[in-house]
There are 4 protein chains.
Amino acid sequence: MSHSETSSPREDPRIGHSRRAILRAALAEFAAVGHAGFRMESVAARAGVGRSTVYRHWPDKAALVADALAGLSRQPASGPGPGPGGGAGTARERAEILLTHLARALTDSPVAAAVPALIHAAATEEGFRDRLHGFSAQRRRRLTDVIATGVGSGEFPATLDPEAASVALSGGVFYRALMTPDPPDDGFVAGLLDAVLGR
Amino acid sequence: MSHSETSSPREDPRIGHSRRAILRAALAEFAAVGHAGFRMESVAARAGVGRSTVYRHWPDKAALVADALAGLSRQPASGPGPGPGGGAGTARERAEILLTHLARALTDSPVAAAVPALIHAAATEEGFRDRLHGFSAQRRRRLTDVIATGVGSGEFPATLDPEAASVALSGGVFYRALMTPDPPDDGFVAGLLDAVLGR
Amino acid sequence: MSHSETSSPREDPRIGHSRRAILRAALAEFAAVGHAGFRMESVAARAGVGRSTVYRHWPDKAALVADALAGLSRQPASGPGPGPGGGAGTARERAEILLTHLARALTDSPVAAAVPALIHAAATEEGFRDRLHGFSAQRRRRLTDVIATGVGSGEFPATLDPEAASVALSGGVFYRALMTPDPPDDGFVAGLLDAVLGR
Amino acid sequence: MSHSETSSPREDPRIGHSRRAILRAALAEFAAVGHAGFRMESVAARAGVGRSTVYRHWPDKAALVADALAGLSRQPASGPGPGPGGGAGTARERAEILLTHLARALTDSPVAAAVPALIHAAATEEGFRDRLHGFSAQRRRRLTDVIATGVGSGEFPATLDPEAASVALSGGVFYRALMTPDPPDDGFVAGLLDAVLGR
DNA sequence: CGCTAACCGAGACGGTACGTCCCGTCTTTAC
DNA sequence: GTAAAGACGGGACGTACCGTCTCGGTTAGCG
């Protein structure tokens, strides 16, 4: 669904311009008014584009929303590379960096606005479900690895199941952000790590 | 927003009849087609009622959906009463009962269909947010109490923060149910308890 | 396609109001901007009615135009009844009355604006063709009868074919109105009668 | 509006090629689907030409249709020249030749398809009106002249107004062709001549 | 023969009208 | 007085064309 490859026959540059402007506008519209109230005409206006141009590149509203939200899943890949959270520090410190990053993403726009919509959409539509599951699996893998490393090095109890622990940690952050009036701030993340990984 | 009290001036029995049928139908519609695709006409048809009758009792679609989903928040109160999860068994066993109950609720219809919608709606609308936060706080309080009891009795480490632990546990179940292709079955709940409360 | 009968279950009076207002507006729109440029939204606005109300009673633009123009075919039936053009005067005088009436209809709005459109539509669509042929046959029958009477009474030459004569007369008026810059005024009609029926 | 002259600076032959192909295609499209349903894209496809090439030579749809139909008005001028219908035979015979030619034109494609469209267009647009009036005046002049000759030679009654008679005859043929289910065949033309010019 | 200018196809673009769907309001009629 | 039926105004949707535009590729006709 993402068309980032440079196609051979030198694609019309207007196409890229329009597509980018529309995707950006769609994300802004989504953050502003949510899933309900998302109007194609508003997106076109935000993008400074004709309504028909939107429909030329996406068949309908659902497809545009899907593509716009898909863009969100790609950004974090460029986030905590092998540098930070990579090798330096104790496993606990590295886990804290990863969790804090997740907490930040769930607090700041526009991801904060998109995740609940993704969760909802995933309940009904196959495509969204796969995207959400894939996205969360990708994010959580690194955390699981860090915990496994900590278990191996004796920093964490040998009985700790890295998989279950990473679910508890990630889930805890999500829960705090979505189901609770308080945001998952640094203090909360620290307490969560204490509870799951031991003090 | 809920109209369950029996009004004094001998309310027409047809009213209660219609109200209940419509709420039931709204829930069924919601489970069937989700938030998008929820049509007032379908609800009326499911309830065997005229479209205008729906609007006589609820001002608009949002109010009806809210009321129907509110009904879900009340049911679990009749679930694990003071009997099970109350006093019998170890703290670990009682926590497992509570978590398993939550996992069941998130797996079976119609709650399973409503929770993602609630999460999404909470992102945009004040009322839904309060309802969701209240609902989850209510459910989680009992779990936090059980953990605190376990800490007090020495069954769990004295350093364990019951609040953080209950967030990790509840969040883990939610995460598994919503963000993962696998359901939160009994084995998963057991592993989660091991990870957070120690083996 | 005309719904003038009083239906049994006491039809909602708003329906009649809307239908009449819309038909009137459609005719006005047609006279104002012709077939091309005929916009459903303009019709609704002229009728003081919502756009959806138009579509509730007619499936599409073609059907509405057809119905509106059909109304024209009915009006003249109430025109020269058995009174004028009926029995009084010579055959020549009665023919002149009928032809003058036709000339008037082709000169004044809104029929004047509708006939060219009907002719055009008849070239392509079966339904319009039948309507136009029926309409013109109905109008011309009375003229043919009058001429036949004149032939029978010796007022016109016995060799005159009433059918051919009435086509020449009606056609002459149409030709003058549509294919000529000058209107079919009284003098023209008189000259036409002289030419066909003799002086 | 017609660009038939060979321009001085040795025009690119591709231009003439495209223009002719497009005009031919436009006429075919018109005959096939009428005024409504006439799509520029179809014309381009019929002509085996890009859509933009059509717009390079005509500013819009109206201009193309006008030019295509204008071609029809010119052809008949080369039809019954001073040769046939010129001097040979009686006035009655010569009138019959002219009327039969008109009847043929109104029966066969593509003129048959274009005339109703021209009549309709003439009702709304100045340019079309002038074209139609000029076209019909030109065609009818010869008929009027023949009748006047017949009156002068004593073949027709001295009281016959050639102008009115030619309108009755031409109008009769048009009426039969357009407003009647039966075509203006030879028998009809003969009867019409009998009625107007006497037997 | 090679160059330049133009014509050409393909199709993206902004715009407008269409016909559909659904909402929330209202009116009418039956029970 | 409540309910069912459904007409109504409104507004967003997705489709179909229009007429404008930008883009390379090809082709005519001159040097």
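In the text below, chain A, chain B and the rest are named by the order of the sequence lines, each starting its count at 1. Quick caveat, the model's predicted, so the values are computed rather than measured.
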Ordered by number, residues from residues 38-49 of chain B within less than 4.0 Å of DNA chain F (heavy atoms) are B:G48, B:V49

Looking only at F:dA7, F:dA3, F:dC21, the nucleotide nearest the B:T53 side chain is F:dA3

Examine the base of F:dT20 for any acceptor or donor lying under 3.5 Å from a partner atom in the side chain of D:R56, and report the outcome as yes or no.
no

Starting from the C-alpha separation in whole Å, work towards a yes-or-no answer on side-chain contact (heavy atoms from CB on, under 4.5 Å) for C:H57 and C:D67.
CA-CA 11 Å; C:H57 295 297; C:D67 224 3; over 6 Å; no

To the nearest angstrom, how far is C:H57 atom NE2 from F:dC8 atom C1'?
9 Å

Atom CH2 of A:W58 and atom P of F:dT15 are separated, to the nearest Å, by 15 Å

Return the 5'-most residue of the pair C:H17, A:P59 with respect to DNA chain F, ranking by each residue's nearest nucleotide.
C:H17

Whichever of D:V54 and C:A62 has the more 5' nearest nucleotide on DNA chain E, that residue is D:V54

Mapping C:R51 and D:Y55 onto DNA chain F by nearest heavy atom, which one lands closer to the 5' end?
C:R51

Work out which heavy atom in D:L132 is nearest to a heavy atom in D:A122; give both atom names and the distance.
CD2-CB, 3.8 Å

Is there any salt bridge (charged side-chain N to carboxylate O under 4.0 Å, His left out) pair reaching into residues 20-47 of chain A, and which pairs are they, with sequence neighbours excluded?
A:E29-A:R46

Residues in side-chain hydrogen bond (donor to acceptor under 3.5 Å, both in side chains) with A:R14, at least two apart?
A:D12

Send over the distance from A:R19 CZ to E:dA12 C1', rounded to a whole Å.
13 Å

Heavy-atom nearest pair, B:V43 first then B:A25, reads O-CB, 3.5 Å

Atom-to-atom span, CD of A:E29 to P of F:dC13 - whole angstrom:
9 Å

Atom CZ of C:R14 and atom C1' of F:dA5: how far apart are they, to the nearest Å?
10 Å

Whole-Å gap separating P (E:dT20) and NZ (A:K61):
20 Å

Between atom CG in C:D60 and atom C1' in E:dC18, what is the gap in whole Å?
10 Å

Sorted by chain and residue number, the side-chain contact (heavy atoms from CB on, under 4.5 Å) partners of C:D130 (sequence neighbours excluded) come out as C:E126

Looking at E:dG9, F:dA5, F:dG10, which one has an atom nearest to any side-chain atom of C:S52?
F:dG10

Could I get the full list of side-chain contact (heavy atoms from CB on, under 4.5 Å) partners for A:F30, not counting sequence neighbours?
A:H35, A:F38, A:V65, A:L69, A:A117

